[in-house]
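Have a look at the structure below, then the notes.
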Amino acid sequence: MNKLIIATVLALVAAMPAHSRNNSVNVTLESVLSMPEAQAKLDGSVKFYLAGAKTPKNRKLGDDVANAKTNAFNKSPEEACRWNVLTALIKFEEHAKRQGANAVVDLVSYNDRVPVSNPTELQCRDGALIGGVTLKGSYAKIGK
């Protein structure tokens with residue numbers, strides 16, 4: 001009898017439609033850069049400029065994409081998004097220094113290979129278990 005009940009419950013659970021969360025979450029670049037973790041992990045040698053924001057005159061050195069994902073469990077969507085954006089910015093900073101760049105310009109959210117431009121915010125994807133971000137930008141040399 002117990003096996004029949006367990007089998008019935010498992011069959012009902014398996015037959016339920018899967019509901020996965022895939023929401024957009026926006027955070028400001030300022031809120032990411034002001035995080036204590038950002039202050040500790042970014043050395044400041046590379047500046048970040050979102051597409052549409054006022055950007056100093058620059059010489060572009062090439063484009064790149066950075067992805068980041070994190071466990072979204074027990075985090076607010078905004079917290080997971082900020083952490084993902086920071087991780088992507090760290091990758092950009094490392095690559096920029098190797099290329100002799102001191103800025104990343106025209107930075108956009110690039111989820112599903114669709115650029116989303118905003119002069120103050122970046123967009124992440126918030127899933128039930130994993131949150132992620134994809135950013136696209138150009139390495140550049142800006143004057144001091």
Side-chain angles (χ1 to χ4, degrees), residues 5-144:
I5 293 172
I6 292 172
T8 303
V9 170
L10 289 175
L12 290 172
V13 169
M16 293 172 60
H19 295 285
S20 62
R21 196 169 70 199
N22 189 15
N23 301 321
S24 295
V25 177
N26 292 346
V27 295
T28 64
L29 178 61
E30 180 66 34
S31 72
V32 174
L33 295 176
S34 65
M35 293 169 56
E37 295 87 355
Q39 314 263 321
K41 295 180 185 278
L42 294 170
D43 67 17
S45 64
V46 175
K47 303 292 181 202
F48 299 98
Y49 299 94
L50 299 180
K54 185 173 175 167
T55 305
K57 186 174 180 181
N58 62 78
R59 181 173 51 94
K60 291 187 181 175
L61 303 174
D63 299 329
D64 203 359
V65 173
N67 299 296
K69 294 189 182 336
T70 192
N71 175 349
F73 182 72
N74 206 25
K75 293 181 181 94
S76 73
E78 293 78 13
E79 180 183 6
C81 185
R82 280 191 295 273
W83 186 255
N84 284 327
V85 170
L86 174 58
T87 302
L89 294 180
I90 291 167
K91 290 176 185 179
F92 269 118
E93 183 181 76
E94 291 169 356
H95 294 171
K97 289 195 278 188
R98 278 189 252 144
Q99 292 198 17
N102 62 359
V104 177
V105 300
D106 296 330
L107 198 57
V108 296
S109 302
Y110 198 58
N111 297 319
D112 300 323
R113 297 181 186 232
V114 176
V116 177
S117 179
N118 184 306
T120 59
E121 295 182 334
L122 293 162
Q123 184 181 80
C124 300
R125 294 310 223 174
D126 173 45
L129 299 175
I130 295 186
V133 70
T134 302
L135 303 179
K136 183 176 182 180
S138 300
Y139 298 116
K141 193 79 165 158
I142 59 173
K144 302 237 173 191

Applying side chain to side chain donor-acceptor pair (under 3.5 Å) to Thr70 and Asn84, what does each step give before you reach the verdict?
CA-CA 7 Å; Thr70 192; Asn84 284 327; 4.6 Å; no
What verdict does the side chain to side chain contact (heavy atoms under 4.5 Å, CB included) test give for Leu50 and Leu122, after you've listed the backbone C-alpha separation in whole Å, the side-chain angles of each residue and the deciding distance to 0.1 Å?
CA-CA 8 Å; Leu50 299 180; Leu122 293 162; 3.6 Å; yes
Measuring only between side-chain heavy atoms, which start at C-beta, is Thr134 closer than 4.5 Å to Lys136?
no
What verdict does the side chain to side chain donor-acceptor pair (under 3.5 Å) test give for Ser138 and Asp106, after you've listed the backbone C-alpha separation in whole Å, the side-chain angles of each residue and the deciding distance to 0.1 Å?
CA-CA 6 Å; Ser138 300; Asp106 296 330; 4.7 Å; no
If only atom types and distance count, is the side chain of Asn118 paired as donor or acceptor with the main-chain N or O of Thr120 below 3.5 Å?
yes
Are any of the side-chain heavy atoms of Val133 and Asn67 separated by less than 4.5 Å?
no
Are more than 12 heavy atoms from other residues, nucleotides or ligands located less than 6.0 Å from atom NZ of Lys91?
yes
Just wondering, do Ile90 and Leu86 contact through their side chains at under 4.5 Å, heavy atoms?
yes
Is it the case that the side chains of Asp64 and Tyr139 hold a donor-acceptor pair, with the cut-off being a distance below 3.5 Å and no angle test?
yes
Would you check if the side chain of Asn102 reaches a backbone N or O of Ile142 as a donor-acceptor pair within less than 3.5 Å?
yes
Within the structure provided, determine whether Asp112 and Arg125 are in side-chain contact (heavy-atom separation under 4.5 Å).
yes
Leu33 side chain reached by Leu42 side chain, heavy atoms, under 4.5 Å
yes
Could you walk me through whether Lys60 and Val105 satisfy the side chain to side chain contact (heavy atoms under 4.5 Å, CB included) test, starting with their C-alpha distance in whole Å, then the side-chain angles of each, then the deciding distance to 0.1 Å, before giving a yes or no?
CA-CA 8 Å; Lys60 291 187 181 175; Val105 300; 3.9 Å; yes
Compare all side-chain heavy atoms of Lys54 with those of Tyr49 and state whether any distance is below 4.5 angstrom.
no
When rounded to the nearest 0.5 angstrom, what distance separates CD in Glu93 from NZ in Lys47?
9.5 Å
Would you call Lys97 and Asp43 a salt bridge, taking side-chain N to carboxylate O under 4.0 Å as the test?
yes
Checking Ser24 against Asn26: is there a side-chain donor and acceptor pair closer than 3.5 Å?
no
When you look at Val46 and Phe92, which way does the side chain to side chain contact (heavy atoms under 4.5 Å, CB included) test go after all the steps?
CA-CA 9 Å; Val46 175; Phe92 269 118; over 6 Å; no
Distance, nearest 0.5 Å, that separates CD of Glu121 from CD of Glu30:
12.5 Å
Of the non-hydrogen atoms in Ala53 and Pro119, which two are nearest, and what is the gap between them?
CB-O, 3.6 Å
Check: Val27 and Val85 side chains under 4.5 Å, non-hydrogen atoms:
yes
Can you measure from OG (Ser117) to CG (Leu107) and round to the nearest 0.5 angstrom?
9.5 Å
Roughly how far apart are Gln123 CD and Tyr110 OH, rounded to 0.5 Å?
14.0 Å
Taking every non-hydrogen atom, the tightest pair across Met35 and Ser31
CG-O, 3.3 Å
Tightest non-hydrogen contact, residues Ala68 and Ala88, listed as CB-N, 4.0 Å
Rounded to the nearest 0.5 Å, how far does NZ of Lys75 lie from SG of Cys81?
12.5 Å
Does the side chain of Val32 reach to within under 4.5 Å of the side chain of Leu89, using non-hydrogen atoms?
yes
